[in-house]
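Chain identifiers are assigned alphabetically (A, B, ...) following the order of the sequence lines, protein sequences preceding nucleic acid strands; residue numbering begins at 1 within each chain.
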There are 2 protein chains.
Amino acid sequence: MLSIGQLSEATGVKVPTIRYYEQIGLLPEPDRTGGNRRLYGEATRKRLAFVRHARDLGFPLESIRELLRMSDDPERSCVAADDIARRQLRAVKARIARLIALRDELERMLEMCSRGTIAECRVIETLGDHALCAEDHAGGEGEV
Amino acid sequence: MLSIGQLSEATGVKVPTIRYYEQIGLLPEPDRTGGNRRLYGEATRKRLAFVRHARDLGFPLESIRELLRMSDDPERSCVAADDIARRQLRAVKARIARLIALRDELERMLEMCSRGTIAECRVIETLGDHALCAEDHAGGEGEV
DNA sequence: CTACTTCCTCTAGCCACTAGAGGAGCAAGA
DNA sequence: TCTTGCTCCTCTAGTGGCTAGAGGAAGTAG
């Protein structure tokens with residue numbers, strides 16, 4: 001049996017995050033020791049590893065919740081799981097396309113920088129006037 | 001002079017967002033009509049267009065705040081502005097690299113899916129066992 | 001004058017955590 | 001036995017960048 005700290009170590013998920021997942025019902029409420037500490041078994045460790053991995057692949061928690069529900073029911077068709085993954089793939093591709101447009105625009109902007117004063121700064125100027133852009137990168141989801 | 005709705009139209013920034021920007025000090029408090037409505041001039045329109053454009057390029061509001069401070073002082077060297085843009089470019093590139101790894105992993109996962117039952121679902125299985133992954137895509141920032 | 005639209009302020013919610021307060025349990029060393 | 005230091009507990013609030021909704025006032029067209 002693992003303490004929350006050990007589970008955190010084993011899965012790479014931070015302790016408060018594990019408690020958060022419990023709170024939102026993604027992980028079951030674990031047994032406790034006499035001193036009220038959480039105790040986890042192998043099943044929860046696997047479940048958390050699943051969550052971690054899916055998060056690393058960018059799945060939102062709601063999708064992960066669905067996937068977990070499915071994996072609890074091995075008789076069902078996997079078409080729904082496939083659809084979730086496919087949706088995620090589409091989202092990832094869209095983000096890549098958008099980010100590549102941003103990257104190109106930023107590179108263009110920086111190439112023109114003459115490192116003079118702000119008054120002649122291409123970076124500031126380009127940001128101030130969308131019309132100076134090569135491509136239309138606007139109207140996205142607002143990445144960082 | 002523009003009403004908040006007209007400013008919103010002109011810049012593509014939603015009305016509540018404009019008020020939000022004012023609240024956090026990114027836009028100055030505008031003049032008001034007798035009926036307490038906001039009235040904007042050309043200067044604020046330009047400032048908001050700048051913010052919008054920078055947001056579209058993924059700059060966080062804090063960077064935008066810095067850039068605006070700089071653009072208010074045209075005598076200064078633009079090296080700092082350049083640095084902010086360079087930092088943003090690095091961040092964008094890192095995100096692209098990460099997303100491409102995710103995309104590949106998702107594609108690999110989906111290719112293997114035989115559309116049978118959950119019990120033999122590669123999607124679920126792959127998510128459950130990180131060791132099945134081709135590359136090491138873990139340890140990122142948790143995209144969506 | 002009435003109906004409709006735009007605007008006002010204020011509060012709360014979104015996602016997926018993260019940080020911090022204030023306290024209790026527990027193991028090792030002096 | 002006491003103390004030190006670590007892990008753990010619960011609870012609340014904060015993050016970024018908005019978005020949604022309540023409840024009301026102002027402006028405009030017919």
Side-chain angles (χ1 to χ4, degrees), chain A residues 1-27 29-40 48 50-68 88 91 95 98 138-144, chain B residues 1-27 29-40 44 48 50-68 88 91 95 138-144:
Chain A
M1 296 292 250
L2 303 166
S3 72
I4 196 168
Q6 289 167 327
L7 181 66
S8 169
E9 274 281 287
T11 57
V13 178
K14 286 183 193 150
V15 168
T17 306
I18 296 173
R19 284 195 281 249
Y20 169 71
Y21 287 164
E22 179 186 327
Q23 189 195 309
I24 63 169
L26 219 60
L27 296 181
E29 291 192 19
D31 294 337
R32 302 277 183 145
T33 67
N36 197 31
R37 283 149 185 244
R38 288 169 178 84
L39 267 188
Y40 297 96
L48 183 54
F50 182 102
V51 174
R52 166 85 212 267
H53 194 184
R55 281 298 297 141
D56 279 343
L57 286 169
F59 288 86
L61 289 182
E62 259 326 293
S63 299
I64 295 173
R65 204 188 284 274
E66 270 187 86
L67 288 167
L68 282 170
Q88 175 62 14
R95 288 172 73 85
R98 178 155 163 69
E141 322 106 66
E143 330 266 341
V144 182
Chain B
M1 295 291 250
L2 303 166
S3 73
I4 196 167
Q6 289 168 329
L7 181 66
S8 168
E9 274 282 287
T11 58
V13 178
K14 288 185 191 145
V15 167
T17 305
I18 296 173
R19 285 195 281 249
Y20 169 71
Y21 287 164
E22 178 186 327
Q23 191 195 308
I24 64 170
L26 219 58
L27 295 181
E29 291 192 18
D31 294 337
R32 303 277 184 144
T33 66
N36 197 33
R37 281 146 188 246
R38 290 170 177 84
L39 267 189
Y40 298 95
T44 304
L48 183 55
F50 183 102
V51 173
R52 165 88 211 266
H53 193 183
R55 282 297 298 141
D56 280 341
L57 285 168
F59 287 86
L61 289 182
E62 259 327 294
S63 299
I64 295 173
R65 206 188 283 274
E66 271 187 85
L67 288 168
L68 282 170
Q88 174 63 13
R95 288 171 75 84
E141 322 105 65
E143 329 265 340
V144 180

Grab the N/O contacts between the protein and nucleotides 17-21 of chain C below 3.5 Å, and write none if there aren't any.
residue : atom : partner : partner atom : Å
C:dC17  : OP2  : A:Y21   : OH           : 2.7
C:dC17  : OP2  : A:R55   : NE           : 2.9
C:dT18  : OP2  : A:T17   : OG1          : 3.3

**Request:** To the nearest Å, give me how far apart CD1 (B:I24) and P (D:dT19) are.
**Result:** 13 Å

**Request:** Figure out the CZ/C1' separation between A:R19 and D:dT12, and round it to whole Å.
**Result:** 14 Å

**Request:** Consider the side chain of A:R32, meaning its heavy atoms from C-beta on, and name the nucleotide among C:dA16, D:dG17, D:dT10 that approaches it most closely.
**Result:** D:dT10

**Request:** Please name all residues satisfying side-chain hydrogen bond (donor to acceptor under 3.5 Å, both in side chains) with A:E66, sequence neighbours left out, ordered by chain then number.
**Result:** none

**Asked** In degrees rounded to 10°, what angle is found between the helical axes fit to the five outermost pairs at each end of the helix from C:dC1-D:dG30 to C:dA30-D:dT1?
**Response** 10°

**Prompt:** For B:S3, what residues pass the side chain to side chain contact (heavy atoms under 4.5 Å, CB included) criterion, not counting sequence neighbours?
**Reply:** B:Q6

**Request:** Provide, to the nearest angstrom, the distance between the CD1 atom belonging to B:I64 and the C1' atom belonging to D:dG16.
**Result:** 12 Å

N/O-N/O pairs, protein side and nucleotides 22-28 of chain C side, under 3.5 Å:
residue : atom : partner : partner atom : Å
C:dG25  : N3   : A:R37   : NH2          : 3.3

**Nearest-nucleotide pick for B:R38, side chain only, options being D:dG17, C:dT9, C:dA16** = C:dT9

**Prompt:** Residues two or more places apart in sequence or in another chain: which of them pass side chain to side chain contact (heavy atoms under 4.5 Å, CB included) with B:S8?
**Reply:** B:V15, B:I18

**Complete:** Nearest-nucleotide check on DNA chain D, A:V15 vs A:Q23; residue mapping nearer the 5' end is A:V15

**Fill in**
When rounded to whole Å, the CG to P distance for the pair A:L7 and D:dC8 reads 10 Å

**Request:** With sequence neighbours left out, write down each residue that passes side chain to side chain contact (heavy atoms under 4.5 Å, CB included) with B:R65, or none if nothing qualifies.
**Result:** B:I24, B:L26, B:E62, B:R69

**Asked** Mind checking what makes side chain to side chain contact (heavy atoms under 4.5 Å, CB included) contact with B:E9, not counting sequence neighbours?
**Response** none

